[in-house]
Colleague: 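Below is the structure I would like to discuss, written out as structure tokens.
What you see is a predicted model, and the numbers here were worked out from it, not measured in a lab. Hydrogens, waters and symmetry mates play no part in the numbers below; they use all other heavy atoms, side chains included.
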Amino acid sequence: MLKLGEYNTLEVVRERDQGVYLCDQEGDEVLLPNKYVPEQFKIRDEIKVFVYLDSSERIVATTLEPYATVKSFAYLKCTNVSEIGAFVDWGLEKDLFVPFKEQASKMRIGSWYLVYVYLDEETNRLVASSKTNAFLDNSLVLLSAYDEVDLIASHPSPHGWNMIVNQKHLGLVYADEIFQKITPGDQIKGYIKKVRPDGKIDLTLQQHGYRSIEPNAQQVLDELMANGGFIDLNDKSDPEDIKAVFQLSKKSFKKAIGSLYKTRKITIEKDGIRLLE
């Protein structure tokens, strides 16, 4: 069966004036219009395509890569607003529809929104929703402390930033754990700090304990080499100055330079740190 909103690997079965027809293992066919047909192909070749509905609500294939597939989140720009809803650009010829009932706030042309793409079972249409929390579930979180996870920045809170975790869960990075600029839609790596009994997830953007020393130390080394082997920061420097240069807490910075000092890669001087040759 053809999978709407997903990539499908299909077989070329015949060529027609409007393009080539592709077929899945069950015998379902879909048109790949001429503009997307590879210059070199032959019958029985397999082609990876994205399958969706065109402006006439017909199933069609494309070799274009959308910014999001079904059951995933993406940060997309609103391109149009009509009497029935809004439309966002998701990288295909036909924009993605966002019904009014699925808008967390009224969408405006030119603004960007974090949305979830899904298949509306009633209409069999691919649509999006900016009510993203409705598509996240923390009832069963199979994650543990120290696990590396993929994060999408959702929205700020008084305590920090709400993050979508592995496209499944909602988590929080507390403000005192953030040492970099974050904007909605940012895709970043993070780490599980704690999974609470009620399913709430505490996150950090820095690896824990000894796990963080090596990558943070490399970051300090890279910065030293980019600055001629000397930086006017050390373990006595102001935390805000350290954060501005390295996006690290003072504690993490001290661990990193301590590791470098012990391995004789740097010297710690009164007015900064210096790279040893």
Colleague: Go through the steps to decide whether Thr9 and Glu46 satisfy the test side-chain hydrogen bond (donor to acceptor under 3.5 Å, both in side chains), and finish with yes or no.
Modeller: CA-CA 6 Å; Thr9 299; Glu46 288 190 340; 5.9 Å; no
Colleague: Do side-chain atoms of Asn8 reach the backbone of Lys3 as a donor and acceptor pair under 3.5 angstrom?
Modeller: yes
Colleague: Is Lys251 atom NZ crowded by more than 12 heavy atoms from other residues, nucleotides or ligands, each under 6.0 Å away?
Modeller: no
Colleague: Just by distance, do the side chain of Gln247 and the backbone of Ala244 share a donor-acceptor pair under 3.5 Å?
Modeller: yes
Colleague: With sequence neighbours excluded, tell me which residues meet salt bridge (Lys or Arg N to Asp or Glu O under 4.0 Å) with Asp54.
Modeller: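 For Asp54 the salt bridge (Lys or Arg N to Asp or Glu O under 4.0 Å) partners, ignoring immediate neighbours, are Arg58.
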Colleague: Counting neighbours of CE on Met1 that are heavy atoms of other residues, nucleotides or ligands and sit closer than 6.0 Å, is the number greater than 12?
Modeller: no
Colleague: Can we call the ring centroids of Phe135 and Tyr118 under 6.0 Å apart?
Modeller: yes
Colleague: Looking at Ser259, is its backbone amide N or carbonyl O close enough to the side chain of Thr263 to form a donor-acceptor pair, meaning the two atoms are under 3.5 Å apart?
Modeller: yes
Colleague: Under 6.0 Å from the NZ atom of Lys243, do we count more than 12 heavy atoms belonging to anything else shown?
Modeller: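 Atom NZ in Lys243 is packed in, count exceeds 12.
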Colleague: Quick one: does any side-chain atom of Gln219 pair with a main-chain N or O of Phe246 as donor and acceptor, under 3.5 Å?
Modeller: yes
Colleague: What do you reckon, is CD of Glu6 surrounded by more than 12 foreign heavy atoms closer than 6.0 Å?
Modeller: yes
Colleague: Give a yes or no on whether the backbone of Thr183 and the side-chain of Asp186 come within a donor-acceptor separation of less than 3.5 Å.
Modeller: yes
Colleague: Using modelled atom types and a 3.5 Å cut-off, is there a donor and acceptor pairing between side-chain atoms of Asp24 and backbone atoms of Asp28?
Modeller: yes
Colleague: Output, in order, the C-alpha distance, side-chain angles, deciding distance and verdict of side chain to side chain contact (heavy atoms under 4.5 Å, CB included) for Lys265 and Leu221.
Modeller: CA-CA 9 Å; Lys265 291 184 171 63; Leu221 281 178; 3.9 Å; yes
Colleague: Is it true that, when you exclude Arg264 itself, more than 12 heavy atoms of the residues, nucleotides or ligands shown sit nearer than 6.0 Å to its CZ?
Modeller: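 12 or below, so no.
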Colleague: Taking side-chain hydrogen bond (donor to acceptor under 3.5 Å, both in side chains) as the cut-off, I'd like each qualifying pair that reaches into residues 69-93, sequence neighbours left out, listed once.
Modeller: Lys35-Glu93, Tyr36-Glu93, Thr79-Asp95
Colleague: Atom CD of residue position Gln25 - does it have more than 12 heavy atoms of other residues, nucleotides or ligands inside 6.0 Å?
Modeller: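 No - once you tally the heavy atoms of other residues, nucleotides and ligands closer than 6.0 Å, there are 12 at most.
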Colleague: Can you classify the ring geometry of Phe50 versus Tyr7 as parallel (below 30°), tilted (30 to 60°) or perpendicular (above 60°)?
Modeller: perpendicular
Colleague: Keeping the roles fixed (side chain from His169, backbone from Asp137), state whether a donor-acceptor pair exists under 3.5 Å.
Modeller: yes
Colleague: Tell me whether Gln103 contacts the main-chain N or O of Met107 through its side chain, where contact means a donor paired with an acceptor under 3.5 Å.
Modeller: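 Judged by distance alone, yes, a pair lies under 3.5 Å.
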